[in-house]
Amino acid sequence: MSTRTLISPAVLARPRGKVLYWTVFAAVILLFTLVFLGPLYWLVSSGFKDAQEVIQTPPTLVPESFEPDNYSRAWEVMDLATLLFNTLYYAFGALAFQLVLDVAAAYSLSKLRPLFGKAILGMMLATLMIPATVLVVPQYLTVLDVPIIERNLLNTPWAIWLPAVTNAFNIFLLKRFFDSIPKELLDAASMDGASSLRVLWSIVLPISRPILGVVSIFAVVGVWKDFLWPMLTLPDPAKQTLNVGIYSLSNGVPVNVLIAALTIASIPTLLIFMIFQRNIMSGLTAGGLKG
């Protein structure tokens, strides 16, 4: 079956057609590169400018006043080391809870098939249609006075970890991957005497490394970029995350130093994306073993 395109193969084979094709292709690539990398370049380059040049109109494309000390000043003045440690602590704590509880929920819904499992999954997915801002008030009232145990979780890591666990999207991704694992493979392990927990640990989890990597990246980045919830639940400056701490300390800080701090805060997530972008795509599209 032939495929119809904007440029026919006959036109593309001509010299003029090739020139036109590659010209349009290069222009589109250049446009998208500027759109995506332009703001990043502005952020990094503004961190090297002095305060006057940052607010200058029109802005300078190349810094005229090169001040690399802005980054060291931002690190010291805004105590980014403490804020960075706090954010990593919250992010990897949330990751640990998500890997344990979300994997257990997805595995039970996919392979153990509990009573009303489809209804439970449907209610989980229905929460994805609720705007996050709508859930802020009930979640805040919950961590302010946790039912049954009557504990105040403000200024504790649990205020970040517990809401992060209830991630319906990650549970759906994991369940979708577990569904693609052949049932015969798990039945063979059960016939050899393996329990459901043993099957999960020895067979399902090793096969599921791609999707576990994707869920891990989503969990870490989700906590890293969050702003509103940590600002509400972590009022103590010594326990704040990177984004909230920079916002709290921004008053009185020169704008070029503030931009340098924002650049430093952006580096970890950019590195995660650049290093694991192939893992993200392969994990989202990967399936289990084919029978």
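Numbering starts at 1 and runs along the sequence shown.
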Hey, any chance Val214 and Val204 share a hydrophobic cluster, counting ILVMFWY side chains that come within less than 4.5 Å of each other, even indirectly? yes

Kindly determine whether Phe218 and Leu173 satisfy side-chain contact (heavy atoms from CB on, under 4.5 Å), including the steps that lead there. CA-CA 11 Å; Phe218 286 169; Leu173 286 181; 3.9 Å; yes

In terms of ring plane angle, is the pair Phe227 and Tyr247 parallel, tilted or perpendicular, where the classes change at 30° and 60°? perpendicular

Given side chains that start at C-beta, do those of Leu40 and Leu270 come closer than 4.5 Å, heavy atoms only? yes

Is there a side-chain contact between Ile264 and Leu84 (heavy atoms, below 4.5 Å)? no

For a quick check under 3.5 Å, do Lys225 and Thr269 share a side-chain donor-acceptor pair by atom type? no

Where does the angle between the aromatic ring planes of Trp161 and Trp158 fall among parallel (under 30°), tilted (30 to 60°) and perpendicular (over 60°)? perpendicular

From CG (Leu200) to OG (Ser195), nearest 0.5 Å: 9.5 Å

Quick one: CD1 on Ile267 to CG on Leu262, what's the gap to the nearest 0.5 Å? 11.5 Å

For Leu232 and Gln139: C-alpha separation, side-chain torsions, deciding distance, then whether side-chain contact (heavy atoms from CB on, under 4.5 Å) applies. CA-CA 11 Å; Leu232 294 175; Gln139 285 182 346; over 6 Å; no

Please name the pair of heavy atoms, one in Pro163 and one in Ile160, separated by the smallest distance, quoted to 0.1 Å. CD-O, 3.6 Å

For residues Ala260 and Asn70, report the shortest heavy-atom separation together with the two atoms involved. CB-O, 3.8 Å

Keeping Ser216 on the side-chain end and Leu212 on the backbone end, is there a donor-acceptor pair under 3.5 Å? yes

In this structure, would Leu162 and Leu228 fall into the same cluster of hydrophobic residues linked by side-chain contacts under 4.5 Å? yes

Drop me the distance from Tyr90's OH to Trp224's CH2, to the nearest 0.5 angstrom. 13.0 Å

Please report the closest heavy-atom contact between Pro147 and Thr142, naming both atoms and the distance. CD-CG2, 4.0 Å

Whether Thr87 side chain and Leu242 backbone form a donor-acceptor pair below 3.5 Å: yes

Nearest 0.5 angstrom please: Ser266 OG to Ile259 CD1, how far? 11.0 Å

Under a single-linkage definition using a 4.5 Å side-chain heavy-atom cutoff for Ile, Leu, Val, Met, Phe, Trp and Tyr, are Leu135 and Leu125 assigned to the same hydrophobic cluster? no

Rounded to the nearest 0.5 Å, what separation is found between the NZ atom of Lys239 and the CG atom of Leu154? 10.5 Å

Can you name the nearest heavy-atom pair linking Lys111 to Ile181, along with the distance? NZ-O, 3.0 Å

As a quick check of understanding, evaluate side-chain contact (heavy atoms from CB on, under 4.5 Å) for Val253 and Ser250, giving each step before the final call. CA-CA 5 Å; Val253 176; Ser250 60; 5.6 Å; no

Take atom CD in Gln56; do more than 12 heavy atoms of anything else shown fall under 6.0 Å from it? yes

pair Thr82-Gln240: side-chain heavy atoms closer than 4.5 Å: no

Begin with the C-alpha distance, continue with both residues' side-chain angles, and end with the deciding distance and a verdict on side-chain hydrogen bond (donor to acceptor under 3.5 Å, both in side chains) for Thr241 and Asn86. CA-CA 6 Å; Thr241 60; Asn86 291 343; over 6 Å; no

Just so I know, are the side chains of Ile171 and Asn167 near enough to count as touching, which here means a heavy-atom distance under 4.5 Å? no

Would you indicate whether the side-chain heavy atoms of Val62 and Ser45 approach each other to under 4.5 Å? no

Do Pro138 and Leu141 have side-chain heavy atoms sitting under 4.5 Å apart? no

Side chains of Leu83 and Asn243: closer than 4.5 Å at any heavy-atom pair? no

Can you measure from CD1 (Ile207) to CZ (Phe178) and round to the nearest 0.5 angstrom? 10.0 Å

Using a distance-only test with no angle check, is there a side-chain donor-acceptor pair under 3.5 angstrom linking Gln98 and Asn170? yes

Please name the residue in the list Thr60, Asp50, Asn256 that meets the side-chain hydrogen bond (donor to acceptor under 3.5 Å, both in side chains) test with Ser65. Asp50

Can you check whether Tyr107 and Trp201 have ring centres sitting under 6.0 Å from each other? no

Plane angle bin for Tyr89 and Phe85 - parallel if under 30°, tilted between 30 and 60°, otherwise perpendicular: parallel

What closest approach, in Å, do Ser190 and Val199 show between heavy atoms, and which atom pair accounts for it? OG-CG2, 4.3 Å

Are Phe97 and Val223 joined in one hydrophobic group, where the rule is that I, L, V, M, F, W and Y side chains link up if heavy atoms are under 4.5 Å apart? yes

Which pair of heavy atoms, one from Leu128 and one from Ala168, lies closest together, and at what distance? CD2-CB, 4.0 Å

Taking the basic N atoms (NZ, or NE/NH1/NH2) and the acidic carboxylate oxygens, is any pair closer than 4.0 Å for Arg73 and Asp69? no

Side-chain heavy atoms of Glu53 within contact of Glu64, under 4.5 Å: yes

Determine, using the 4.5 Å side-chain heavy-atom cutoff (strictly less than), whether Leu101 and Leu112 are members of one ILVMFWY cluster. no

Under the criterion side-chain contact (heavy atoms from CB on, under 4.5 Å), I'd like the reasoning laid out for Leu153 against Thr156: C-alpha separation, chi angles, the key distance, then a yes or no. CA-CA 5 Å; Leu153 300 182; Thr156 66; 3.6 Å; yes

